[in-house]
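Chain A is the first sequence line, chain B the second, and so forth, proteins listed ahead of strands; every chain is numbered from 1.
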Number of protein chains: 2
Amino acid sequence: MQTKFSDKVKHLEASAIREIFKILAKPGIISFAGGAPDPTLFPKKELSEIAADVLLNQGEIALQYGVTEGYAPLRQWVKDRLTRQGILNGQDETIIVSGGQQGIDLASKSLLNPGDGVVCEEPSFIGGLNSFRSNNAEIYGVPVQEDGLDTDKLENLLKEHSNIKVLYTIATFQNPSGITMSLQKRKKLLELAERYDFIIFEDNPYGDLRFAGEDVPTIKSMDHDGRVVYLGSFSKILSPGLRLGFVSCDPALMERMIICKQVQDVHTNVLSQMIAYEFVTRCDIDAHIANLRQVYGKKCRLMMECMDRYFPACVKHTCPQGGLFLFCTMPKQYDSKKVMEKALEKGVAFVPGATTMIDASASYSTFRMNYSTASEEEIKIGIQTLGEVLKEIVGE
Amino acid sequence: MQTKFSDKVKHLEASAIREIFKILAKPGIISFAGGAPDPTLFPKKELSEIAADVLLNQGEIALQYGVTEGYAPLRQWVKDRLTRQGILNGQDETIIVSGGQQGIDLASKSLLNPGDGVVCEEPSFIGGLNSFRSNNAEIYGVPVQEDGLDTDKLENLLKEHSNIKVLYTIATFQNPSGITMSLQKRKKLLELAERYDFIIFEDNPYGDLRFAGEDVPTIKSMDHDGRVVYLGSFSKILSPGLRLGFVSCDPALMERMIICKQVQDVHTNVLSQMIAYEFVTRCDIDAHIANLRQVYGKKCRLMMECMDRYFPACVKHTCPQGGLFLFCTMPKQYDSKKVMEKALEKGVAFVPGATTMIDASASYSTFRMNYSTASEEEIKIGIQTLGEVLKEIVGE
């Protein structure tokens, strides 16, 4: 059988994060490895009542085939919300997809030929990297600085390589770094996109989860010539299990993405789309998001306090203003994969930096910490334990 | 933007069937064009109660990220059922996918390089054809005879072309023909697969829907060296809107498919999987299927009776023993696309044969009729109307 595999998949490796998830199934592990919302905050009661009602009274729609573009009322709601937020200006089409990952993958498939260049932030989101890898793109990395990706290095890359077609960025509360790109750099990025004629994938699953600082306009909101593919998700503000994301972009590109989606899964789960629509219309989604912000902000501050108290002083962390992650850096000589092995023995998990890098086989001194899933008690115990492991390895 | 599209998607066209669906949204149209279950038979009340219970009492699982392979209890249930049905013999892996279409597409992506040969039945399922097209496969057609695909023509093809890697078949109640492949031909097919070393995709979404005749063993049940990728679906026995399918195949191939699925949509909707699992364990799925069979059998017989009464004698139809479709053939000189235009004017829709053929641009005298979605009253009126249109075009 192996001799028959396509060239596309021969070299792909299972997502390290998902492999870690399997380890995490063991009871007693405190996990900072996931990227999942706090499950105690799911609006279970409301969704239970809505699902029962939708199935009983609109079951003939909820259970039947739907259209590839998505459930029309939900599409319209997303479009209206993005317009109200100043993100869309009326030129773009919006569709519902089966989670944010599918949005990245459909856009990649529609645009990338083998050998086309994609610029990614380093570190970046493994799901994005894997989508570009599976389309046999050539991936270039640009480091993330405190105010977002290094636009000078990006410009050098663009001068050197004429094959760059796409740049992928999580500009707000980046996964994994937690960093937000400054307005100045966003403007510079758009300017470079126009000058060097590339498309920007702006992936914004965390944008609604700000718990400190001031909102920065999305890149999409400043896009005047349909150069930005805007990717959003219900995973972080409602539920990842429902697999609902959305994409807003140029209508011609959207048409190609819809055709790709027909082949991939025909259409997004109708029941989920109807549940989400009923939730956003019957309940107060903004109050729900405000609560998430408040809880995640508290957990993030707690995690940073614990790190400052228990981690060796030479291990640094970012200070996110929103989202789900903060990113730690040890002195260069230490490999976070090795730290992780020891941490797992003590019952604590995180994501080693290697899985967030283009060359995942190299050694990196960084790691990603998620603060949304664990309880406050687990954060206290887990960070203290991880601090002990780090001190054993890197010293005080 | 158009200049940036990948070669993969440039040439793809929107599924004609889905485009037809848009026309069908007009009120008053009697549609035999879809492939959807009878929406009045959805077990809405049971699913409503189950969904409410799952979200309230297991919401932290149903709404959270899940594993790519699928919800473990549902996977096990599918595996046990297929084993009980004699389809699996213990060597294969089974995963849950986001509808049967995703199963075809993941298997295609994992196996097909550009230029690899795929043999399809002619006519065949457009979703399969589009998946092979989007992987830039070379598609060869083999005609479907009264007892299934023409194995002699297949053997000639295999002798002529050394690039054939995959054969795609809906052996039971084929879409669109409604024809079931004989046991003898299934054995011959496996023998050819071994001799010429190709993989069989056995797509079996309709197998449970037999309303006449005797069961024929699946090709998978006779597969001893992991050559058959078995594709199943909950769309026709429970609900298409929930987007649930499954694949059973060789574990090494399955591993590649799982990696592809991680990139495509991370995992299948957890809520849907849990609802389906609770339904098959709490309710009597076999009684539900028995009811579907009875209703579809009755509707199929009614449609054939109406055709025999109202269609010109020179328009022939197949006589399915199960599934959702029957297939009509006019004398060669008539083009079913033109018939469809006239039929739509009179408020009746079907799928022209061209959309089921490898060369969809040519002219064909065939068309597909679905009998599961329309009511009995609609079948009577719709077939009478279509008979009048046909008589105008092809004469008495």
Side-chain angles (χ1 to χ4, degrees), chain A residues 1-2 4-9 12 14-15 18 21 36 39 42 44-45 47-49 51-52 55-56 59-60 62-68 98-99 101-102 105 109-113 130-131 134 165 199 226 239-243 250 252-253 256 259-260 262-266 269-272, chain B residues 1-2 4-9 12 14-15 18 21 36 39 42 44-45 47-49 51-52 55-56 59-60 62-68 98-99 101-102 105 109-113 130-131 134 165 199 226 239-243 250 252-253 256 259-260 262-266 269-272:
Chain A
M1 179 59 79
Q2 277 82 343
K4 292 204 156 32
F5 293 159
S6 71
D7 299 334
K8 288 189 286 293
V9 306
L12 290 179
S15 156
R18 298 211 68 80
F21 279 172
F42 291 139
K44 297 190 295 185
K45 194 169 159 287
L47 294 179
S48 168
E49 286 167 10
L55 282 165
L56 198 61
E60 301 194 0
L63 296 166
Q64 191 58 287
Y65 282 112
V67 293
T68 308
S98 307
Q101 177 70 36
Q102 189 180 54
D105 194 50
K109 199 173 172 188
S110 300
L111 289 167
L112 299 175
N113 285 319
N130 279 342
S131 178
S134 77
K165 205 185 237 181
I199 311 276
S239 148
L242 295 180
R243 308 307 304 129
D250 170 86
L253 174 60
R256 295 292 98 182
I259 294 174
C260 288
Q262 285 179 357
V263 173
Q264 275 192 10
D265 67 0
V266 190
N269 192 293
V270 183
L271 175 61
S272 280
Chain B
M1 178 59 79
Q2 277 84 341
K4 292 203 155 32
F5 293 159
S6 73
D7 299 335
K8 288 189 286 293
V9 306
L12 289 178
S15 155
R18 299 210 67 82
F21 279 174
F42 291 139
K44 297 190 295 185
K45 194 169 159 289
L47 294 178
S48 168
E49 285 167 11
L55 283 165
L56 198 61
E60 300 194 359
L63 296 166
Q64 191 56 290
Y65 282 112
V67 294
T68 309
S98 306
Q101 177 71 34
Q102 190 181 51
D105 194 51
K109 198 172 171 186
S110 300
L111 290 167
L112 298 175
N113 285 320
N130 279 343
S131 178
S134 77
K165 205 184 237 181
I199 311 276
S239 148
L242 296 180
R243 307 308 304 131
D250 171 85
L253 175 60
R256 294 294 97 181
I259 294 174
C260 287
Q262 285 179 358
V263 173
Q264 275 192 12
D265 67 0
V266 190
N269 192 294
V270 183
L271 175 61
S272 280

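B/Y65 and A/R243 get closest at one heavy-atom pair: CE2-NH1, 3.8 Å. Residues B/Q262 and A/Q101 come closest through the heavy atom pair O-CG, 3.7 Å.
In terms of heavy-atom pairs under 4.5 Å with chain B, the best-connected choice from A/S98, A/S110, A/S272 is A/S110. With chain A as the partner, the residue from B/V270, B/N269, B/L112 showing the most heavy-atom pairs under 4.5 Å is B/N269. Taking chain B as the reference chain and counting heavy-atom pairs below 4.5 Å, the highest number among A/P240, A/G59, A/P39 is found for A/P240. In terms of heavy-atom pairs under 4.5 angstrom with chain A, the leader among B/A51, B/G99, B/A252, B/S134 is B/A252. Among B/D105, B/L63, B/L271, B/I199, the residue with the largest count of heavy-atom pairs under 4.5 Å with chain A is B/L63.
Checked against side-chain hydrogen bond (donor to acceptor under 3.5 Å, both in side chains), B/K4 has the following partners two or more places apart in sequence or in another chain: A/D197. A search for side-chain hydrogen bond (donor to acceptor under 3.5 Å, both in side chains) contacts involving A/S239 returns nothing, not counting sequence neighbours.
For a residue to count as touching a neighbouring chain, one of its non-hydrogen atoms must lie under 4.5 Å from one of that chain's; by this rule A/N113 touches chain B with backbone and side chain alike. Residue contact with chain B, scored on non-hydrogen atoms closer than 4.5 Å, involves the backbone and the side chain of A/Q64 alike. Only the backbone of A/A62 comes within contact range of chain B, judged by heavy atoms closer than 4.5 Å.
Between B/Q264 and A/D265, the side chains place no donor N or O within less than 3.5 Å of an acceptor N or O (distance only, hydrogens not considered).
The distance from the CD atom of A/Q2 to the CG atom of B/D250 is 7.0 Å, given to the nearest 0.5 Å.
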